[in-house]
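Data block below; observations after.
Proteins come first, then strands; the chains are lettered A, B, ... in the order of their sequence lines, and each starts at number 1.
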Number of protein chains: 2
Amino acid sequence: MEDRIQKIKDQMKKSSYKLTSQREATVRVLLENEADHLSAEDVYLKIKEKSPEIGLATVYRTLELLTEINIVDKISFGDGVQRFDLRKEGANHFHHHLVCIKCGSVDEIEEDLLPEVERKVETKYDFQIHDHRLTFHGICKKCKEDDQQ
Amino acid sequence: MEDRIQKIKDQMKKSSYKLTSQREATVRVLLENEADHLSAEDVYLKIKEKSPEIGLATVYRTLELLTEINIVDKISFGDGVQRFDLRKEGANHFHHHLVCIKCGSVDEIEEDLLPEVERKVETKYDFQIHDHRLTFHGICKKCKEDDQQ
DNA sequence: CTCCCTGCAAAGCTTTTGCAGCCTA
DNA sequence: TAGGCTGCAAAAGCTTTGCAGGGAG
């Protein structure tokens, strides 16, 4: 935990951003809720529990900044809210998502399923891929089991 | 063109929605701009050229309705605006997108690149896939060529 | 001392909703 | 004539911006 924070701090410093307490608090909330896909407001509320004086605008600005230096990825699941996802340590691609259309849960697939597909796209469509967004919509394991009862 | 409109009309009728002139105008704009990825406002402005009395709210309601009966797919490329894409005739999946991070252009890949990946996800993660969203971010052919000069 | 950063409030956008009137079946 | 549909305007989010104050280097 602490070493991941340290790495992120280093990366921010390298990009010549200051390591303010508000920014560190934001990073901590993201780390503590890595499995979730928090919106800016979610992050704001969680930070507020410990640091009530923080402003929502600062959270937005920090998340934007973290996106810019590739520490988090922005994603939207179509509910009109941007969500922020920590990039996995050492990951060189944005992980995939499974969105359940029944219960709304969002799971992650960290394994990169796309290298072959990407090779194909790069040659066939002459497009140099930097990143991807892959989301499956369907019925999750739990809802499938509930249905069968 | 006319026969595709007819098919869409049939589908709306089948879902017991009325075929008002405003709805037909919306469908026509989508068909005439199939290569683009229009936002609700884009559609609204294009309809207004021919039918100035239409309201923006109606456009939103119509697009929502068309999404519901699977005539269009909603997608967001992260600029905070929902865009609407006609589902290709006979397509049983939502086509993929190539978003250029330099010029902002959005191209489509109609070929379904994911069947193998989906089979893997369904068995390995026990998730029943209904649909997908796949977008690649990178440098398009044109920008790549421009760079090399 | 300078410049970056922050909090607050206001503004900006996109999208949704309430409502009265209209049209059609 | 009942119900769905529409236009307008207002409301409701989410996100960004302006600004003055504050703090770190």
Could you identify which residues of residues 7-29 of chain B place a heavy atom less than 4.0 Å from some atom of DNA chain C, listed by residue number, or say none?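 Hits under 4.0 Å, by residue number: none.
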
So if I take residues 43-54 of chain A and measure heavy-atom distances to DNA chain C, which residues fall below 4.0 Å?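 Only A:Glu53, A:Ile54 qualify.
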
Between [Y] and [X], is there a side-chain donor-acceptor contact under 3.5 Å, judged purely by atom types and distance?
| X | Y | value |
| --- | --- | --- |
| B:Gln82 | B:Tyr60 | no |
| A:Glu118 | A:His132 | yes |
| B:Glu108 | B:His37 | yes |
| A:His97 | A:Asp85 | yes |

Are any side-chain N or O atoms of A:Glu122 and backbone N or O atoms of A:Ile129, one a donor and one an acceptor, separated by less than 3.5 Å?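 Pair found, side chain donor or acceptor close to backbone of A:Ile129.
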
Looking at B:His96 and B:Phe136, would you say the former's side chain and the latter's main chain have a donor-acceptor pair under 3.5 Å?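 Checking the backbone N and O of B:Phe136 against the side chain of B:His96, no donor-acceptor pair under 3.5 Å is found.
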
Taking atom P of C:dT14 as reference, at what distance in whole Å does atom CZ of B:Phe77 sit?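 B:Phe77 atom CZ is separated from C:dT14 atom P by 17 Å.
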
Pairing residues for A:Leu38 by the side-chain contact (heavy atoms from CB on, under 4.5 Å) criterion, not counting sequence neighbours: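 For A:Leu38, the residues satisfying side-chain contact (heavy atoms from CB on, under 4.5 Å) (neighbours in sequence not counted) are A:Val29, A:Asn33, A:Asp36, A:Asp42, A:Val43, A:Lys46.
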
Kindly state which residues belonging to residues 56-72 of chain B come within less than 4.0 angstrom of DNA chain D, counting heavy atoms of the residue only, listed by number.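 Within this stretch, B:Ala57, B:Thr58, B:Arg61 sit under 4.0 Å of the strand.
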
I'd like to check A:Asp126 versus B:Lys144 (side-chain heavy atoms, cut-off strictly below 4.5 Å). Are they in contact?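 With C-beta onward as the side chain, the pair touches.
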
In chain order, what residues pass the salt bridge (charged side-chain N to carboxylate O under 4.0 Å, His left out) check against B:Asp3, with sequence neighbours excluded?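 For B:Asp3, no residue satisfies salt bridge (charged side-chain N to carboxylate O under 4.0 Å, His left out) once neighbours in sequence are set aside.
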
Mapping B:Arg83 and A:Gly55 to their closest nucleotides on DNA chain C, which lands nearer the 5' end?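 Residue closer to the 5' terminus by nearest nucleotide: A:Gly55.
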
State which residues pass ring-ring contact (aromatic ring centres under 6.0 Å, His included) with A:Tyr17; sequence neighbours excluded, sorted by chain then number.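 Testing A:Tyr17 for ring-ring contact (aromatic ring centres under 6.0 Å, His included), a comparison that skips the adjacent residues, returns none.
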
